[in-house]
Amino acid sequence: MLLVLFKRFLGKREFHHPADGDRMSLEVKLSRIRQGDVRLRNQVIADYQPYIAKVTSKFCKRYIDPARDDEFSVALDAFNEAINKFSAEAGASFLSFAETVIRRRLIDYIRKEQRFSRQVPYSAFEVEDDEDSFVNPVEIAQSLERYKAEQNVAARRLEIEELSASLAQYGISFQELVRISPKHSDSRRLLVQIGSILSNNDELLSQLRNKKMLPIKELLEKVDISRKTLERHRKYIIAIALIDSGPYPHLQNYLHTDGGQQGGEENE
């Protein structure tokens, strides 16, 4: 499959918006590609993969990771389709045409994912796009909102799985972390602050990662809290530091807004 070959080139080249001279060169390349130059086709797709990622991220209203997100594969396929269908005689530039094709294929993809075909369309809101076809901005906006929400849920689930694997190196399970989480909001805020101090101190964080132990002695020099309290909440503080210093944007947001936690008496 061509997409497999395309992905072999990803991340290896920098992209720049073509100058006028480059646009003429691109037109020549497209002509040669349509005459059967497969190597040149792969080269063009590889060179323009940052552009494809940018268009896809703009459409999805979030960062698209070319190595992980299915939307990027859809956009790659659409870019290849645009190469096949582009005609310079139509008057539009190739990149403009390619963006339109990418956008339409992403709309189709999201509609399929959300099974919007089973719903009654808001036909009164349909508008004509650049390819003289009708699209529905209301339907698209709702599809994107629902799709974004589902993607966020999936991203949080993946972060929890990755955090669980990291916690296991410290002898901590995610289930245990939920159980030992302080019930009182003041206690949680204090421990989050201590965990943040640890995560933002390179020396202390290095000790934690290398020894897989909380550097209690060094922390006592930086926080106004008893040694007994630090030892009692050792696992919770370690988890906070790992979240704060790791690739967990959803959990970090949850952590620093204190969201979803239960109130009640302090669990000490």
Side-chain angles (χ1 to χ4, degrees), residues 7-8 10-15 49-50 53-54 57 62-69 72 151-268:
K7 288 186 175 181
R8 293 177 56 187
L10 300 184
K12 296 182 179 179
R13 298 170 176 81
E14 295 183 356
F15 173 75
Q49 63 90 10
K54 179 180 178 181
S57 297
R62 67 180 177 86
Y63 171 71
I64 293 297
D65 184 346
R68 297 175 63 174
D69 290 317
F72 185 76
Q151 289 293 302
N152 286 338
V153 170
R156 285 194 294 270
R157 184 181 299 113
L158 179 61
E159 287 185 11
I160 290 173
E161 291 174 357
E162 293 179 349
L163 176 62
S164 295
S166 182
L167 287 172
Q169 301 177 36
Y170 297 80
I172 306 171
S173 70
F174 193 82
Q175 292 75 12
E176 180 184 17
L177 182 61
V178 173
R179 179 176 57 79
I180 66 176
S181 173
K183 299 297 187 291
H184 198 283
S185 60
D186 289 342
S187 295
R188 290 197 304 273
R189 280 194 289 269
L190 176 60
L191 296 179
V192 167
Q193 290 173 5
I194 295 173
S196 295
I197 289 173
L198 174 57
S199 68
N200 286 293
N201 186 297
D202 292 340
E203 183 178 348
L204 296 185
L205 186 61
S206 178
Q207 289 187 47
L208 173 66
R209 294 189 182 280
N210 292 333
K211 298 181 179 180
K212 299 297 186 289
M213 296 175 57
L214 186 68
I216 292 178
K217 179 180 178 181
E218 292 79 0
L219 265 179
L220 286 172
E221 299 175 358
K222 299 182 179 298
V223 298
D224 185 17
I225 193 172
S226 69
R227 184 184 188 93
K228 180 180 178 181
T229 300
L230 277 183
E231 290 176 342
R232 181 187 303 125
H233 296 293
R234 171 182 59 85
K235 292 183 177 181
Y236 190 80
I237 293 171
I238 289 174
I240 297 300
L242 293 178
I243 292 172
D244 226 23
S245 61
Y248 311 113
H250 290 89
L251 293 178
Q252 288 166 3
N253 181 65
Y254 178 86
L255 181 67
H256 292 291
T257 57
D258 201 27
Q261 300 277 3
Q262 295 179 352
E265 297 301 320
E266 185 174 353
N267 181 23
E268 296 199 10

Visitor: What pair of heavy atoms forms the shortest contact from Pro182 to Leu191, and how long is it?
Guide: CG-CD1, 3.4 Å

Visitor: Would you say Asp186 and Arg188 make side-chain contact, with heavy atoms under 4.5 Å?
Guide: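 A side-chain contact under 4.5 Å is absent here.
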
Visitor: Please assess Ile216 against Arg227 for the test side-chain contact (heavy atoms from CB on, under 4.5 Å), listing each intermediate value before the final yes or no.
Guide: CA-CA 7 Å; Ile216 292 178; Arg227 184 184 188 93; 3.9 Å; yes

Visitor: Do the non-hydrogen side-chain atoms of Ile240 and His233 ever get within less than 4.5 Å of each other?
Guide: no

Visitor: Mark yes or no for whether Ser181, through its side chain, and Leu177, through its backbone, hold a donor-acceptor pair below 3.5 Å.
Guide: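 A pair under 3.5 Å: no.
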
Visitor: Do you know which of Val192, Ile238, Leu251, Leu167 makes side-chain contact (heavy atoms from CB on, under 4.5 Å) with Ile243?
Guide: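 With Ile243 as partner, Val192, Ile238, Leu251, Leu167 yield a single side-chain contact (heavy atoms from CB on, under 4.5 Å), made by Leu251.
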
Visitor: For the backbone of Lys212 and the side chain of Gln207, can you confirm whether one donor and one acceptor N or O come within less than 3.5 Å of each other?
Guide: no

Visitor: Are the side chain of Ser199 and the backbone N or O of Ser196 linked by a donor-acceptor pair below 3.5 Å?
Guide: yes

Visitor: Closest heavy-atom contact between Pro249 and Glu159?
Guide: CD-OE2, 3.0 Å

Visitor: Could you check whether any side-chain heavy atom of Leu198 comes within less than 4.5 Å of a side-chain heavy atom of Ser245, counting everything from C-beta outward?
Guide: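 No; the side chains remain at least 4.5 Å from each other.
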
Visitor: Can you find a heavy atom in the side chain of Tyr170 that is under 4.5 Å from one in the side chain of Leu214?
Guide: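 The answer is no, as the side chains (C-beta and beyond) never meet within the 4.5 Å cut-off.
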
Visitor: Does the distance from a Lys or Arg side-chain N to an Asp or Glu carboxylate O, for Arg209 and Asp202, drop under 4.0 Å?
Guide: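 The answer is no: the pair does not qualify as a salt bridge.
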
Visitor: Does the side-chain contact (heavy atoms from CB on, under 4.5 Å) test come out yes or no for Ile237 and Lys235, once each step is laid out?
Guide: CA-CA 5 Å; Ile237 293 171; Lys235 292 183 177 181; over 6 Å; no

Visitor: For Leu242 and Tyr248, work out which heavy atoms get closest and say how close.
Guide: O-CE1, 3.5 Å

Visitor: Can you tell whether the side chains of Arg157 and Glu161 come within less than 4.0 Å, N to carboxylate O?
Guide: no

Visitor: Judged by atom type as modelled, is there a donor-acceptor pair below 3.5 Å linking the side chain of Asn210 to the main-chain atoms of Ser206?
Guide: yes

Visitor: Nearest 0.5 Å, please: how far is CG in Leu219 from CZ in Arg234?
Guide: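 With rounding to 0.5 Å, CZ (Arg234) is 13.0 Å from CG (Leu219).
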
Visitor: Looking at every non-hydrogen atom in both residues, tell me the closest pair between Ser226 and Thr229 and how far apart they are.
Guide: OG-OG1, 2.8 Å

Visitor: Let me see the working for Leu220 and Leu230 under side-chain contact (heavy atoms from CB on, under 4.5 Å), right down to the final yes or no.
Guide: CA-CA 8 Å; Leu220 286 172; Leu230 277 183; 3.4 Å; yes

Visitor: I'd like to know if the side chain of Asp69 reaches the main chain of Phe72, judged simply by a donor and an acceptor atom lying under 3.5 Å from each other, with no hydrogens or angles considered.
Guide: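 No; zero donor-acceptor contacts below 3.5 Å.
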
Visitor: Taking atom CD1 of Ile197 and atom NZ of Lys222, what is their separation to the nearest 0.5 Å?
Guide: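 So the CD1 of Ile197 and the NZ of Lys222 are separated by 9.0 Å.
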
Visitor: Check step by step if side-chain contact (heavy atoms from CB on, under 4.5 Å) holds for Tyr236 and Ile172.
Guide: CA-CA 9 Å; Tyr236 190 80; Ile172 306 171; over 6 Å; no

